[in-house]
Each structure stands twice: as structure tokens, then as C-alpha cells.
Amino acid sequence: MHRNPLVDYLRTYGPLAASDSIYDEHVLKAAVENGVEAIEVGSALLDSLVENFASPSPRSVILTGTAGDGKTWHCRKVFTSLGGSTAAWNASQGLAELDLPGGKRMVVVKDLSQFHEDPRQDEIFEGLVKSILGHETSTCYLVAANDGQLLRFWRRHLDKGDDVHKIDRGIRTMLDKGEVELPGLNLSLHNLSAQEYDKLFDDLVTAVVEHPRWEACQGCALYEEGTCPIRRNRALLLGRDQASMRGRLGDLIRIAAANDTHLPMRHILVLIVNVLLGVSSRSTTLLNCKSAHLLAADGMTQLSNPYDNVLGLNLKSNENRDYLAFTVFENAGIGLETNNEIDTLLLDGEPADIHAKYVASDPVHGACLFEPARVSYRRGDYEDFTVFQRALEAQRRRLFFALPAVSKRDDEIDPWRLTVFRHGGDYIDFWKAQCRGGQAEHIKSRLVIGLNRSYSGTMCDDSNVLWLTGPAANTQSRIGRILDYEIPVGQRVNGPVRFDLVPDDRTGRPKMSVGIRERFNDPFQEVASHKLSPLLFEYLMRVERGSLPGSFSRQCFEELRQFRLRVMAKLQQANLVQREDLMNMRVVRLGEDGKLRADTLDIVMAE
Amino acid sequence: MATPYLDDALAPPTEQFARGTDVWLEQQIWGHRFYNDQTPWFVVLEALGIMSFRRTDRNHDRIFDGLEGNRHERFPYKLPTRRELRTILFKDRHIEEIADSDEYGSNATRWAKWFERLGAGAEAKFGYLQDRFTSFAAFRNAVVLLRSAEIESGRKRRATSRHLAPRGPDMLAADFGEKKSDRADKDRRFFSRGGELLYLMLNRSAFREQLEPLIVERLLTEQSRWNALAKVMQPNEQEEPLEFDIGYLPLPSHKAYDRIAEDWLNVLSLKELPDDNLPEPLMRLTGFGIVRYMIERAADVLGTPDDQIPPLPLDMVSTATVGVKRISQDCYRRHRDMTRRAIEKLIEDFEASEEWKNALSQPQPARAANDLVEQRFGFTWSDADVRPEPEKYPAHIAKEALEDHDQHLGRVIGYYVDQIGLAVAVRGAGRWYAASDGMLEALVLANVKEPLEFETFLAKLWDRYGIVVGSEVGRVAFKDANYGHFKANQRLLEERLRVLGLVHRLSDDCAFVHNPFHEISR
């Protein structure tokens with residue numbers, strides 16, 4: 001029976017509780033054993049790290065994040081890219097040293113937590129401090145440590161002086177704010193949890209599905225007949241459109257990352273491998289060539305359903321809850337959210353053309369899989385409703401990955417309606433368009449209306465101006481009454497202050513930004529910003545539509561309030577808010593045309 | 001010669017000691033005085049009034065002079081009555097009606113109508129307003145707006161005890177009653193010296209020099225538009241301000257003073273928080289600081305070492321934290337009882353003292369006893385009193401002191417923690433410590449500069465205030481307790497802080513508390 005060793009190798013990317021570095025070794029070994037090339041992806045970070053250490057005055061680097069982020073992998077690749085041998089890396093226990101091309105010495109700490117009880121910890125600490133403070137630059141460091149461990153490491157040494165305090169404060173600030181460098185410290189801190197995950201995901205999918213060893217399937221009976229479930233799943237992942245499994249998964253990962261939920265590299269691989277090889281209701285949860293043959297022989301290849309595998313539903317008894325890779329998508333509510341139009345499509349087959357194109361078109365997992373459940377439902381002879389429910393959810397999940405993005409604003413057959421991020425598609429578009437261009441301008445208007453409604457507590461329609469209003473007495477009330485400032489929106493603005501939604505310099509994510517300038521021809525300098533997370537985006541879009549969802553509105557409200565206060569503090573510092581001049585004090589009301597208006601108090605000063 | 005003050009305390013200014021109180025006992029411990037009818041907001045307002053006076057008065061260079069030698073501060077201060085402003089804002093019933101009415105055509109008519117309603121002499125008194133506003137409607141708008149800046153507006157106090165938010169010196173005012181003759185009655189009903197004590201605490205703290213410029217710049221400037229609005233409503237010439245003397249704060253220094261001062265310093269240093277938003281967290285932290293002061297002074301007198309003062313468990317009020325609630329109820333009760341026991345201890349010590357035994361062994365014990373209790377506690381018998389045997393004097397004095405205490409000072413802790421959002425009270429279950437969102441935010445503003453790890457933040461709250469939230473500190477504070485409940489308590493606190501935008505969790509292992517108004521210096 002034909003066997004492709006690549007499949008066995010891919011299975012090793014299954015779940016492991018081991019630490020980062022041990023996982024790395026395990027995976028390397030598996031590649032060698034199966035005689036296949038290891039899965040590797042390029043990394044822009046890797047390139048910049050190599051550049052740093054090859055330079056004449058390299059900065060020390062700390063790589064942090066959570067387990068599975070690829071910290072050890074990056075360390076190893078830096079080591080080997082700069083001339084170190086794999087053998088030397090494997091032989092070294094915890095610390096690897098290398099003479100750099102620029103003349104300096106590099107010390108690599110593979111995992112800081114390993115040195116917890118080790119006497120060498122103090123040596124590392126001393127050397128690291130000297131390097132970070134720029135006191136001793138002949139040796140530089142590359143350290144890998146989980147975020148919590150990194151902080152504990154510094155905290156343990158706080159009694160060693162003010163310099164240590166300075167470094168400790170700096171590292172906390174960099175970690176919390178996501179900064180890579182701070183003035184005064186000869187250090188770059190890269191949080192691998194904050195990488196561009198969707199690009200990484202895309203690269204990893206490519207590395208898996210376009211691996212050269214897939215050609216080893218030739219000669220297999222299932223390959224010839226085209227009935228191999230593994231190859232079928234692979235074909236699905238090959239698709240690169242936005243309306244493909246790969247495209248939508250990438251979008252979801254991007255949204256999750258923007259909401260601060262990160263999927264480290266190892267977890268992404270678990271996901272990809274599970275989509276490819278997962279199978280339900282059999283003795284094993286992941287296929288190999290042998291079980292694939294058995295499955296085909298039994299005529300049950302539909303049991304390997306990639307749309308169920310995405311949520312880890314093939315795993316036994318809720319084991320999928322243990323894996324971040326699956327809970328991220330579960331939290332998006334795929335399959336549980338829906339609307340009338342989509343359910344009608346599935347249950348009644350209306351509209352027929354859409355049904356033919358997107359539901360009936362899939363010969364294995366589409367309409368034909370659903371048909372028995374659908375017919376029973378229509379006939380009303382179900383004993384156990386949950387069976388039907390699960391079948392319906394499976395179809396909805398599939399549609400999320402199969403339906404195209406909507407072109408018209410109010411088209412309800414929108415795949416994003418199948419998730420909790422009803423406006424997820426808009427968010428992705430807005431991000432990709434870098435907040436500019438026709439479609440993005442529409443979205444921007446809607447966001448500004450959402451902001452104005454939030455700040456003023458009225459159902460206003462203003463989209464050109466951001467009305468920052470505050471409560472009259474300083475309570476935590478939601479209704480603004482006094483105009484703090486009217487900030488025009490956009491790039492071309494006449495006054496000294498402007499508000500805009502722009503991509504962040506470092507991450508590319510959309511953020512709210514207030515800029516001021518001294519004179520008309522000066523460029524605007526940003527004075528306050530706040531990142532537009534998908535959560536906040538969703539909140540503002542729903543508010544603009546007219547609804548006020550209760551569950552996440554409090555957090556968003558607080559974020560908006562803090563943003564307003566920070567902006568006002570900055571405007572006051574820049575003397576842009578005229579305080580003495582009572583004539584400029586205005587009360588904000590909703591006019592009859594649905595737009596906000598500010599009425600002055602008509603006060604004449606006695607002097 | 002017996003003295004009416006404790007060994008480590010300053011001598012009270014004579015006028016404080018000599019008049020007004022029946023028994024000068026609790027004052028020796030906590031000062032003259034804190035009072036349950038004065039809310040934490042009013043403590044802050046009274047203190048700011050004093051600071052504003054010192055800033056502008058020609059006799060003083062600075063707000064905080066510190067303590068000179070071992071002499072208690074002693075200076076009169078003046079607070080303006082602002083009667084016209086209060087009449088307009090809090091007594092008037094006509095402005096809105098006249099402004100909205102269709103009956104009157106011109107502005108002149110409306111003004112005239114209003115003066116008419118106010119009665120004789122109104123135009124002379126309030127005529128200046130006509131030049132300040134372009135129309136009666138504008139006047140009405142301004143009035144409605146300024147009314148919304150009132151502190152504790154729901155309380156329906158007398159007009160001369162209603163105050164505006166402290167956004168500038170022209171809004172700070174005296175608190176007094178009105179006698180029939182229209183003269184002010186300095187009854188000290190709501191400004192009952194709590195603010196004076198707060199002023200003295202800040203003045204004696206280690207941070208007063210750093211506080212001075214910040215208070216001037218951020219709380220006492222005329223820059224605020226609210227201040228400008230309040231100023232426009234007042235005549236240029238106003239009546240003489242009322243003069244007051246300063247109260248008594250026993251100890252020349254105490255960690256409670258420094259704690260309050262440090263909280264003020266940290267909050268006032270937040271440049272990214274607009275001035276308008278400073279008073280509220282200051283009020284909460286001040287109220288909390290006073291509560292700590294009351295507990296710690298009681299502990300001082302009782303001789304309780306620091307590590308045996310009952311901690312302050314902060315319950316997140318959920319079914320998962322019932323264990324925390326129970327411990328918190330117990331701790332609150334013990335705190336509350338501490339003040340009482342401190343008074344009892346003082347009398348016990350007196351009764352066991354040499355000077356008392358000496359007095360009793362005099363040839364005329366009653367006379368010696370009378371002299372001694374007068375010197376020591378300012379206590380004299382009124383003609384109506386039935387005098388017991390001299391041996392029974394201490395018990396009698398204790399009884400009087402405790403009765404008064406139970407009505408007033410004894411209620412301060414419970415009342416203040418309610419007012420600042422540090423406690424909940426449920427009928428039948430009593431009161432226990434729990435934090436409102438406003439209080440949580442105030443604690444973060446005062447204690448977090450650069451991002452702090454969550455565990456470090458909790459340790460800091462324990463260190464500075466004795467607050468217990470999670471199991472780490474819980475283990476230190478309580479020998480046996482349901483640590484599972486404390487763990488749940490900690491999770492819930494993190495969740496609440498997250499919703500308030502104050503906590504950022506990076507991973508299972510790492511969460512930061514950050515202060516959104518602290519600017520990172522680059």
C-alpha cells in the first residue's frame with residue numbers, strides 16, 4: 001500500500017506540551033527520520049536580527065512571547081546564519097557562544113527559564129546589564145524568554161541598584177506598549193506574540209501544501225482515482241482567494257491578533273495539520289495514508305470534513321477546548337451566528353442561483369451532506385433536534401469559507417454575518433486599504449458617526465466633524481453637554497487640529513489619531529492616538545446602525561472616554577482650548593436636521 | 001501640671017481647647033475634628049478654601065509653611081460668602097420661567113420682571129448682571145449650566161451650604177447658616193474643620209514642597225471656563241468674607257499624612273488628565289486616607305503593632321467570593337470598634353496613672369479630681385449634674401465621651417467608606433469593603449506610573465493601604481481562609497480593571513496594570 005512519508009512527518013506537528021526549545025528539537029528530528037525537508041518559513045524579523053548582529057555595533061536583543069512563538073527557532077537560525085554550526089548549537093547546553101563577523105562576541109541564551117536555579121544566571125545578568133546600558137559592548141546578547149519569566153528575572157535583581165530599576169521600567173513599558181526600542185537602552189525587545197500573524201499563517205500554509213514531497217503521492221491508487229481525502233483537503237487549502245478557506249482563516253487570525261489574541265506559530269501548525277488530516281468518528285483523530293485508504297474503502301471520506309476540522313471537532317470529548325488554535329475560532333462564533341437570509345438559503349435553497357453556485361457545488365460537504373437532515377426537518381420527523389442543529393451549523397461553517405465578500409452594503413448574504421464580527425469584512429477591507437480610498441472613506445464616515453453618537457449620547461448624523469463633548473458636572477455619565485472641541489475629520493483641514501483614522505506606523509493597523517500644527521503650512525504632529533481594535537470597530541459600526549449592544553459597550557465606552565480626556569489634556573497643553581474666553585463656551589444639542597449644533601452662551605465680559 | 005494632649009502630640013492652640021466641647025478626649029487622639037456630617041467632598045472643599053486663602057492673602061508667602069519648631073499652626077483664614085451667586089443658583093425659582101415665557105417681549109422686560117419677583121432692592125443688588133449678558137436667555141443658559149457643576153446636588157441642603165465643584169478660586173466658598181437678621185451663622189455644620197485637618201496633614205507631610213506648585217497650577221488657577229462663568233455671575237464688590245480659626249491636629253508627623261500627600265502628588269502630576277477630572281479621584285483618595293488615619297491612630301493608642309491591624313479585604317461581590325465577603329465584614333467591624341476601644345484605653349490609662357491616684361489621695365479628693373479632669377480633659381460639671389464619687393469620674397467621662405463618639409466620630413469610618421465607594425452595605429448583612437469603579441480608577445491613578453505587573457500592583461495596594469484582594473497577599477494576611485475565593489476575587493478584579501481599560505493581559509503568565517494618563521517620557 002502506497003505511503004507518503006510527508007504525511008507521517010506532518011503528523012508530528014500535532015499537540016505537544018513540551019517547552020519551546022524541546023519542541024524545536026523534536027520537530028527537527030522528525031524531519032530527519034522521515035527523510036523530508038523540515039517546514040520552514042522566511043521571517044522578516046530574522047533578516048533584521050541577522051543584520052543587527054552582523055553590524056559593527058550590534059544591539060543586544062531579547063526575544064519574548066509565549067510558548068510556541070518561534071523564539072528558539074529564531075535564535076537557532078540567527079546562530080547558523082552567522083556562521084555557527086548546527087552541531088555546535090545542538091551540543092551547547094542552554095548557552096551558545098559565537099564570534100561575530102563584526103568582531104564582537106555573541107552569547108545566545110536559548111531559554112532564560114532554564115537558568116532559574118543555575119549559578120550562571122548571575123553571570124548572564126551582569127553581562128546583560130552592562131551590554132544594555134552600553135557600558136561594555138564587546139559582548140552582545142540574544143536572549144529568549146517568555147514574557148512572565150523575563151519580568152520575574154528582572155524583578156529578582158531589583159535590589160542591585162538604580163540602573164536595574166531603569167532597565168526593569170523600560171522593559172515593562174516596552175512590553176505593555178509594544179515598543180521595540182526605548183531611548184537610553186542599548187536593547188531591542190521583540191515580542192513574537194505581536195508578529196503579523198496572518199502573513200505568517202499564509203506562509204506556513206504555503207510551506208505545507210506546496211511542499212515538494214507531495215509528488216511522492218504519485219503511484220498511489222487513491223491519487224489516481226482522485227478519492228484521497230487528504231489530497232482533497234490539500235486542494236482546498238491551495239486556494240488563495242479572499243473567499244477561500246485560507247483567505248478567511250487569515251482574516252480571522254488577523255482580527256484575533258488585532259484584538260490581542262495571538263496564535264503562536266506552533267498553534268498555527270496544529271490548525272493547518274488538523275484541517276488537512278483531521279477525521280471524525282474514527283478510532284484515530286488524524287489520518288495517515290493507511291487510515292485514508294481504509295476510509296476510502298469504507299466509502300466514508302466525507303468524515304474528514306475540513307470545515308469541522310477548523311474547530312477541532314474531530315478531537316475527542318471537548319479536547320479542542322484545550323487548544324488555543326481552535327478556541328480562537330470558536331470564540332468567533334462561526335456556525336452559531338446567522339441570519340434569516342442565510343438560513344433560508346440553506347433550508348429552502350433560495351435564491352436558487354446562489355444555492356447552485358455555493359451550496360450545491362460541493363460534491364462532498366455541501367448540499368448533499370446536508371440533504372438527509374434538511375428533508376427530515378422539513379417533514380418534521382426529527383427525534384433528536386440536536387442532530388439537525390449540528391448539521392445546520394456545519395453548513396453555516398462551510399458557507400463562511402465559501403461565500404464571496406459582499407459588494408453591496410446591505411446584502412445580507414454576507415459570510416461575516418455568520419460570525420460575531422458582523423462587520424469583520426469591513427474591518428479587513430479598511431485595514432487593507434490603509435484607511436484610504438472610496439470604500440474606506442464610507443467606512444470612515446460611519447465610524448465618525450458612531451463616535452459622535454457615543455460621545456454625545458444622541459442619534460446624530462455628523463460625519464465630517466468629531467464632536468468631543470464632556471458632561472457638565474464631572475460624573476461618569478454618558479451624555480455630553482459642553483463642547484470641548486470640534487475637530488474636523490480628514491487630511492485636508494483648515495484649522496490647527498484634525499482627527500483622522502490612519503494606519504499605525506509600526507503595525508499597519510487602523511488607529512484614531514489627533515494631530516495639531518502651529519501654523520497653516522506646518523505638517524500635523526500627532527498628539528494622541530488610540531488603536532482601533534476590531535472590537536471597537538464593531539461597536540462603532542453597530543452604534544452607527546442604531547443598536548447599542550450591552551455586552552461589550554462598557555469597555556469600549558471607557559476606552560473612548562480615556563481617549564477624549566487624553567486629547568483634551570493635550571489640546572489644553574498646546575493652548576488650543578480657549579479657557580478665559582467664555583464666548584466660546586457652547587452647549588451641544590441635537591438639531592432638528594439630525595446634526596449636532598453648538599449654541600453659544602452670549603456672555604459679554606464686564607471688563 | 002496635667003496636659004490636655006498626649007505625650008507625642010503638640011499642644012493645642014488655647015482657643016481650641018478652651019471652648020465648645022464637653023469632653024476633650026477623642027480630640028487628643030484624632031484632632032478637632034472629623035465629623036460624620038462633613039462628607040469627604042466637603043473636606044476637600046474646605047481644605048482648598050484654606051489653600052486658596054493662603055495663596056492670595058498678603059500675610060502668607062506660601063500655602064504650606066510646614067511646622068515651625070514644635071508649635072501648632074495658628075492663623076485665621078477667610079472664606080467668601082458668595083451670597084449673590086448662591087441666591088441665583090440655589091434659591092431662585094423664577095429665572096427659567098421668565099426666560100421661557102412668551103408673555104414678555106423684550107429683554108428689559110424680563111430683567112425687570114425678575115427683579116420684581118426678587119423683591120425690594122433686587123435691582124441694586126443684581127443689576128450688574130444686565131451688563132454681563134447680552135440677553136436674559138443667555139443669562140438663563142449660564143445659570144442652568146453652572147447649576148450642573150454643583151457637588152452632591154441631590155442632598156437638598158440650605159443654599160449657603162451648597163457648593164460648586166472646585167474648578168477655580170472663584171468657586172470656593174464658606175459654609176454657614178443664615179440667621180433671621182441676615183447675618184451669617186458660623187455654625188460649622190458641614191464645614192466642621194475636617195478640611196482644616198486635611199490642610200494641616202498636607203502641611204506637615206514630607207511632600208508639601210512638591211505639592212505646592214502643583215496645587216497652585218492645577219487646582220487654584222483661574223483658567224477654567226467654569227471659574228470664569230462663576231466669576232461673571234458675581235458682583236465686583238462682595239461682602240466681607242467670614243473669618244475662621246484653624247483646628248487641632250495632634251501629631252507633628254504621621255505616615256497617614258504622607259500617604260494622603262503622596263496620593264495627591266501622584267494624581268496632580270498626571271499631565272494627561274485634564275484639570276477638570278482631578279477633584280473626584282482626589283476626593284476618594286482623601287476619604288480613604290482619613291479612614292486609614294482613624295484606624296492607625298487608634299492602633300497607635302491601643303499599642304497594636306502594624307502587622308496586627310486588621311487588613312482591608314476588598315470583595316468583588318460575587319457568589320464566588322463569599323469567603324472574602326465574610327472576612328471583610330469581620331475586618332470592617334473590628335476597624336469600627338477600634339476607635340471606641342482607643343477612647344476606653346485612654347481613660348483606663350488615666351485611671352491607672354500616678355497623677356490620678358495622687359489626686360484621689362489628696363485631703364480634698366473631689367477638688368483635686370475636679371482640677372485634674374479639667375486640665376486633662378477640659379471637663380467641668382454643670383450645675384444640673386449629679387456628681388458621683390471622685391473614683392467614678394473616669395467612668396462618667398468615658399461614658400460621655402463614648403456617647404458623643406457613637407453619634408459622630410464613630411460613624412466617620414462607615415460613612416466615609418460608603419461615600420468614596422469603598423464599601424457596600426446590605427440590610428441584615430452589615431457593611432463590608434468592596435470597591436466601586438471610580439475608586440478602582442482612583443487607586444490606579446495614584447499608584448501606577450509605568451505599567452506595573454498585576455501581582456506587583458496588588459502587592460503595592462497591600463503595602464500602602466493594607467488592601468487584600470488575591471491569594472498571594474491573602475496568604476500573608478490571613479492564616480487560614482478560603483484561598484480559592486481569594487483567587488476568584490483576584491480574577492474578578494482583573495476583569496473589572498480590563499473593562500475599565502486599565503489592565504492589559506499579554507499571556508497566561510503576564511498581565512499589566514497601566515495608567516492611561518501617565519505619559520511615558522521619551
Side-chain angles (χ1 to χ4, degrees), chain A residues 64-67 146-152 155 169-170 172-173 175-177 179 182-183 191 193 260 262 470-476 481-482 484 528 552 554-555 558-559 561-563 565-566 568-573 577-582 584-585 587 599-606, chain B residues 128 131-135 137-139 141-142 144-151 153 165 167 221-225 227-229 232 236 270-277 279-280 437-438 449-453 456 498-502 504-512 514 516-517 519-520 522:
Chain A
T64 188
T66 52
N146 284 355
D147 43 28
Q149 283 156 4
L150 180 64
L151 293 169
R152 277 193 286 281
R155 234 183 322 145
R169 276 201 304 273
R172 275 189 273 133
T173 304
L175 259 184
D176 187 44
K177 304 280 177 213
E179 307 270 339
L182 271 190
N191 188 344
S193 290
D260 282 337
H262 301 292
N474 187 40
T475 59
Q476 302 259 36
R481 290 193 49 212
I482 309 303
D484 283 334
F552 55 88
R554 180 67 198 276
Q555 182 176 348
E558 290 296 329
E559 283 182 36
R561 173 182 161 260
Q562 285 164 12
F563 179 64
L565 290 179
R566 290 204 315 272
M568 283 317 297
K570 275 297 186 320
L571 292 180
Q572 274 165 8
Q573 276 168 33
V577 179
Q578 288 113 324
R579 301 205 233 186
E580 291 272 10
D581 195 349
L582 271 183
N584 272 329
M585 189 166 182
V587 177
D599 298 325
T600 61
L601 287 177
D602 293 331
I603 299 171
V604 174
M605 290 294 279
Chain B
Y128 64 90
D131 299 326
R132 308 274 178 95
F133 295 96
T134 56
S135 69
F139 172 56
N141 288 344
V144 169
L145 204 54
L146 200 55
R147 276 184 188 150
S148 69
E150 186 189 355
I151 293 286
S153 51
R167 312 278 181 83
T221 71
E222 297 194 23
Q223 295 269 51
S224 154
R225 56 193 173 186
N227 193 68
L229 196 57
V232 127
N236 293 338
L270 295 174
K271 296 265 184 291
E272 302 239 320
L273 188 62
D275 293 354
D276 281 358
N277 296 74
E280 191 187 304
D437 288 343
K449 294 197 173 73
E450 306 82 16
L452 267 189
E453 276 179 87
T456 313
R498 182 185 68 78
V499 167
L500 291 174
L502 301 171
H504 180 204
R505 181 162 272 282
L506 263 77
S507 74
D508 270 347
D509 207 16
C510 179
F512 282 112
H514 56 222
F517 304 106
E519 187 173 18
I520 313 165
R522 290 187 190 283

Under the rule for side-chain contact (heavy atoms from CB on, under 4.5 Å), what residues qualify as partners of B:Pro274, not counting sequence neighbours?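 B:Pro274 satisfies side-chain contact (heavy atoms from CB on, under 4.5 Å) with A:Leu565, A:Met568, A:Ala569, A:Gln572, B:Asn277 only.
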A:Gly148 and B:Cys510: which non-hydrogen atoms are nearest, and at how many Å? N-CB, 4.0 Å
N-O pairing of [X] and [Y] below 4.0 Å:
X        : Y        : result
A:Glu558 : B:Arg498 : no
B:Glu453 : A:Arg155 : yes
B:Arg505 : A:Asp147 : no

If I measure from the heavy atoms of chain A, does B:Thr456 come under 4.5 Å with its side chain, its backbone, both, or neither? side chain
Checking B:Leu452 against chain A: side chain, backbone, both or neither under 4.5 Å from a heavy atom? both
Report yes if some heavy atom in the side chain of A:Asn146 is under 4.5 Å from a heavy atom in the side chain of B:Ser507; otherwise report no.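 Sidechains of B:Ser507 and A:Asn146: no contact.
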Value rounded to 0.5 Å, distance of CG in B:Asp509 from CG in A:Leu151: 8.5 Å
Nearest 0.5 Å, please: how far is OG1 in A:Thr66 from CG in B:Leu506? 9.5 Å
Quick one: does A:Gln573's side chain have a donor or acceptor within less than 3.5 Å of a partner on B:Lys271's backbone? yes
Residue B:Lys449 excluded, over 12 heavy atoms near NZ under 6.0 Å: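 Result for NZ/B:Lys449: open.
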Tell me, out of A:Arg152, A:Gln149, A:Lys570, A:Arg172, who's got the most heavy-atom pairs with chain B below 4.5 Å.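 The option with the most such pairs is A:Arg172.
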Measuring heavy-atom distances to chain B, does [X] have an atom under 4.5 Å in its side chain, in its backbone, in both, or in neither?
X        : answer
A:Thr173 : both
A:Gln562 : both
A:Leu175 : both

